[in-house]
Each structure stands twice: as C-alpha cells, then as structure tokens.
Number of protein chains: 2
Amino acid sequence: MTSRPPRPRERGIPEATVARLPVYLRALQALQDRGTLTVSSEALASAAGVNSAKLRKDLSHLGSYGTRGVGYEVEYLVYQISRELGLTQDWAVAIAGIGNLGRALANYGGFGTRGFRIAALLDADPAMVGQSVASLDVRHIDNLEDVVRSTGVSIGVITTPAASAQGVATRFVQAGVASILNFAPVVLNVPDGVDVRKVDLSIELQILAFHAQRRADGDGRDAERAGLELM
Amino acid sequence: MTSRPPRPRERGIPEATVARLPVYLRALQALQDRGTLTVSSEALASAAGVNSAKLRKDLSHLGSYGTRGVGYEVEYLVYQISRELGLTQDWAVAIAGIGNLGRALANYGGFGTRGFRIAALLDADPAMVGQSVASLDVRHIDNLEDVVRSTGVSIGVITTPAASAQGVATRFVQAGVASILNFAPVVLNVPDGVDVRKVDLSIELQILAFHAQRRADGDGRDAERAGLELM
DNA sequence: ACGTGCTTGTGAAAGCATGCACAAAGTGGG
DNA sequence: CCCACTTTGTGCATGCTTTCACAAGCACGT
C-alpha cells in the first residue's frame with residue numbers, strides 16, 4: 001500500500017507549498033525562455049525569493065523530480081508543477097462587476113497563457129450590458145446561471161461593489177461554481193466545499209503601514225535600529 | 001521593566017495577527033455605521049470570518065481593551081486598531097504604471113477613507129504623461145525621485161509591466177521609499193529593511209485551480225467525497 | 001571500475017499559529 | 001451585599017512551517 005515509484009505523490013500537499021508552486025512555475029518559465037535546460041535548487045530558490053531547503057522540501061511533495069549532483073530539468077519540472085496545479089486543463093472564468101477593476105482584469109493578458117480563459121463578463125448596470133469589453137459582450141447579472149452553465153464556468157471572480165458581493169457569491173455557488181476569487185472588501189459566507197480566496201488592496205496597504213510605522217517608532221525611540229543601515 | 005498597565009503592548013505583534021487586524025477593523029466600522037456600541041468576541045469573530053478564540057488572542061496582543069461580561073466598545077477598539085496599524089497618520093502613496101490596473105487603483109475610493117492618499121501617478125509612456133487621471137496629473141517616471149521627495153511619498157505601488165518592475169522598485173528604494181506593494185508578476189529584489197508585499201492575480205487563480213482539481217479528482221476516484229453535498 | 005565532487009531528498013529540531021477549555025473579572029438582579 | 005451569569009484573557013496541547021544538517025545518489029574524469 002505504500003509503493004511510491006509508479007505514482008509518487010500522496011494526497012495532501014501542504015497549503016503553504018501550494019501557494020509557492022505558482023512562484024516556482026513562473027521562475028522556471030523565465031529560465032525556459034532564456035534557454036536554460038537545468039537548474040539547481042539554489043539557483044531556482046534565489047530566483048523565486050525563497051531559501052533552497054524550503055524549495056527542495058516543497059518539490060519533494062510532488063515527487064522525486066531532481067537529479068542529485070545536477071539539479072532539476074527545467075522543462076520536466078514546468079510540466080510536473082503545471083499538472084499538479086491543474087493548469088494542463090482549461091479553466092473558464094467569469095468576472096462579475098465590470099467596473100475599473102473588472103475591466104482591468106478582463107484586459108489583462110496574463111491569464112490566457114496559463115490555462116485560464118475569461119469566458120463571461122457580468123454586470124448589473126443596464127448601461128454596461130451589451131457593451132464589448134476585451135472582445136466579450138457584457139451580459140446582465142440576472143443571466144448568471146445561464147451563462148455559467150452554457151460556458152462551463154468553474155471559477156468566479158467578484159469585482160462588484162462590496163454591497164453586491166455576497167449576493168453574487170451565493171448565485172455563483174448555486175449555479176455550481178465552487179471556486180471564487182473575491183476582490184470586494186467583505187467577508188463572504190459560503191457553504192463548506194466552496195473555496196474562496198480574497199484579494200484586498202486596502203488590507204495590503206494597511207499591513208505595509210503597520211510595518212512602516214514600526215520602523216519609524218523604532219528609529220525615533222531607540223535611536224538607530226537594525227534595518228536600512230545594515231547593507 | 002515589565003510594568004504593563006500604562007503602555008500595554010510590547011513590541012512584536014505576530015505577523016498572522018497583523019494580517020487580520022484590517023479585517024477586524026472593517027467589521028468594526030460596519031458595526032459602527034449601524035450604530036452598534038459594544039460587541040462580543042463571538043459576534044465580531046463571526047462578522048470577520050474567524051473563530052472567537054483567535055480573535056481574542058489577536059486583540060490581547062494590543063492590550064486589554066475588552067470588558068469581561070460585556071465585550072468590546074466598538075468605537076474604542078476602532079481607534080486602538082487604527083492607531084496600531086498606523087492609520088491615524090496620513091500615508092502618501094505613489095502609483096507607478098498607469099495602465100488598466102493603475103487607473104483602477106487610482107480611481108478606487110476605498111483608500112482615502114483610511115489614511116491613504118494617492119499623491120502621485122507615474123508612467124514611462126510619453127503619451128500618458130500629462131494626462132489627468134483621478135484628478136492627478138500623470139508625471140514621467142524619470143521624475144520619480146523629485147516626486148517622492150516633494151510629495152512625501154512613503155509607499156510605492158507598482159503596476160507596471162513585469163519587465164519594468166524591478167527598475168522602478170530600485171528607484172523607489174533609492175528615493176527612500178521603504179514600503180512597496182507590487183502587482184507585477186515578478187519577484188522583486190530589495191535590500192534588507194525594505195518591506196515588499198505582492199498581489200498576484202494569476203497566482204490566486206492557480207491556487208483555486210489546484211483545489212478545484214483536487215475536488216474533481218476525488219469525486220472521480222473515490223465516488224462521492226465529503227464536500228458540496230454536506231449542506 | 002572507482003573515487004571525487006556536487007546536489008538532492010529528508011530526518012529531526014526549533015519556531016509559529018491555532019483552538020480548547022477554564023480561571024479571572026466584570027454586570028446586574030434580588 | 002452576595003450570587004448567578006456572561007464574556008474576556010490566557011495556559012496548554014496540537015499541528016503546521018521553516019530551517020538545519022547530512023546521508024544517499026548521481027555524473028564525470030581518470
């Protein structure tokens with residue numbers, strides 16, 4: 001029951017590792033573009049901004065894809081990580097809320113290259129509906145269920161105002177969408193089994209402000225502290 | 001040397017706690033808008049989407065601001081968290097890269113209300129320079145140092161293409177900006193003491209895809225798994 | 001065929017974060 | 001004034017993450 005070689009990975013890659021795999025993938029693709037064939041954990045770790053022991057442990061969760069004394073074959077590793085992340089299949093994404101941010105996402109080219117295809121745009125504003133954004137017609141949010149079903153959407157992105165976000169999320173879920181990326185500044189309530197990730201610009205700024213203040217306090221209070229001057 | 005009451009908090013709030021304080025703050029402000037005067041850890045935790053023990057431990061790092069048997073006074077807690085996060089002062093933010101995303105951020109009203117003021121917009125495209133976005137003139141990126149100094153910018157937001165991001169980051173740092181929020185899909189290299197946070201849309205989607213695939217694999221392989229059907 | 005040198009993969013230790021469960025501390029009613 | 005009730009603040013146990021340090025393994029030159 002524990003024969004590893006044929007199907008190397010067990011279920012259960014740590015969450016922290018999953019969050020770093022896309023970073024490794026991007027670094028590897030950059031190497032690939034430059035024609036690099038193999039890379040050591042040290043070099044890849046430095047390109048990805050992590051420590052090499054962490055990188056090796058992360059990769060070890062996918063299987064034993066390196067060669068001792070040599071490193072990792074870039075192309076093979078790109079494939080293995082892509083497969084693990086589910087990027088070898090095609091994911092249809094719907095964006096709800098075509099304001100500034102929704103438009104910015106719709107026009108962002110970075111998705112298409114990695115298995116994500118923007119399949120539908122939805123908005124509640126009648127003036128918006130029917131307009132063409134990034135070569136897609138904006139549909140009215142009332143058609144959410146139809147649109148999800150007919151275009152096979154499995155990931156929903158919410159860029160609506162905060163007040164509408166929960167409603168849209170609930171409709172996504174009821175239409176069978178179990179993965180949601182939420183940009184609205186609210187905590188979404190969804191049933192178990194639905195995966196919500198949140199991106200919140202204002203929270204990131206607040207975290208930066210906290211650290212900036214701490215630096216400033218330290219400088220003021222205990223004269224020079226470790227920090228900027230140790231380079 | 002360990003007298004607590006007068007200045008309750010020691011240095012060193014855990015990073016995980018810092019990341020949640022903005023969420024609590026938002027939930028508290030929503031309560032405040034509804035006229036709520038006090039709130040229990042249970043109620044606030046549920047509004048913030050966390051468990052109440054975690055909330056209490058988080059808040060205990062700031063000091064003892066609750067009343068046993070009653071809860072927390074909303075207004076007082078808003079003030080304490082704001083102060084801890086450094087939101088009682090005003091932070092000048094510069095946005096470099098006025099593409100779709102940069103414009104979306106510039107026009108997003110959510111910052112102003114919480115101590116952040118967009119003080120400058122920068123772009124490398126001569127056609128963009130001089131245009132007015134969100135009532136600010138776009139300046140050429142070559143003026144970065146001048147702009148930072150003259151407007152007192154202390155937080156830099158990078159929404160440039162990936163290829164330009166590292167250059168802009170380096171210039172921000174040399175101009176004295178020690179807090180950077182990076183939307184470009186690259187790992188930035190900065191000296192110690194500079195705080196970089198990354199927001200990466202494509203990474204979030206990839207993490208969602210991973211979990212979505214895992215759900216699908218499970219359903220296919222071991223018939224029905226725990227998940228959507230347990231509601 | 002064998003030894004040398006390099007790099008991976010992984011136990012084991014240390015460090016964080018989470019959640020339980022309860023004592024401590026306050027409120028309000030009788 | 002005391003008792004019952006509520007809710008905070010926190011010690012402790014558990015689990016997850018990171019980091020160290022080194023044995024195992026492979027390539028290459030001789």
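No hydrogens, no waters, no symmetry mates; every other heavy atom, side chains included, goes into these values. Chain letters run A, B, ... following the sequence lines, proteins first, then strands; residues in each count from 1.
- Legend: residues meeting ring-ring contact (aromatic ring centres under 6.0 Å, His included) with B:Y79, ordered by chain and number and at least two apart, are absent.
- In terms of the side-chain hydrogen bond (donor to acceptor under 3.5 Å, both in side chains) criterion, B:E75 has no residue partners (sequence neighbours excluded).
- Listed by residue number, the members of residues 30-41 of chain A with any heavy atom below 4.0 angstrom from DNA chain C are A:S40, A:S41.
- A distance below 6.0 Å separates the ring centres of A:Y76 and A:Y65.
- At whole-Å resolution of the value, NE2 in A:H61 and P in C:dT8 are 17 Å apart.
- The backbone N or O of A:A43 sits nowhere less than 3.5 Å from a side-chain atom of A:S52 that would complete a donor-acceptor pair.
- One can place CG of B:L62 at 12 Å from P of D:dT10, the figure rounded to the nearest angstrom.
- Between the P atom of C:dA17 and the CG atom of B:L21 lies a distance of 13 Å, rounded to the nearest Å.
- Listed by chain and residue number, nothing satisfies the side-chain hydrogen bond (donor to acceptor under 3.5 Å, both in side chains) test with A:N182 (two or more places apart in sequence, or in another chain).
- A donor-acceptor distance shorter than 3.5 angstrom exists from the side chain of A:Q166 to the backbone of A:N189, with no hydrogens or angles considered.
- Listed here is the closest heavy atom pair of B:Q213 and A:R83: NE2-O, 3.3 Å.
- Per the geometry, CG belonging to B:L59 stands 10 Å off C1' belonging to D:dT8, to the nearest Å.
- Nearest to the side-chain atoms of B:A16 among the listed nucleotides C:dT18, D:dT8, D:dT19 stands C:dT18.
- Looking at residues two or more places apart in sequence or on another chain, you find a side chain to side chain contact (heavy atoms under 4.5 Å, CB included) between B:A106 and B:I95, B:L121, B:V133, B:A134.
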**Message:** Across nucleotides 20-30 of chain D, 5' to 3', mark each nucleotide with B, S or - according to how protein heavy atoms within less than 4.0 Å reach it.
**Reply:** BB--BBBS---
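- Look at A:Y72 and you'll find a side-chain N or O under 4.0 angstrom from OP1 or OP2 of C:dG9.
- Between A:L77 atom CG and C:dT7 atom P there is a gap of 17 Å when expressed in whole angstrom units.
- Separating the CG atom of B:L55 from the P atom of D:dG9 is a distance of 10 Å, rounded to the nearest angstrom.
- The separation between B:E42 atom CD and D:dT8 atom P is 8 Å, rounded to whole Å.
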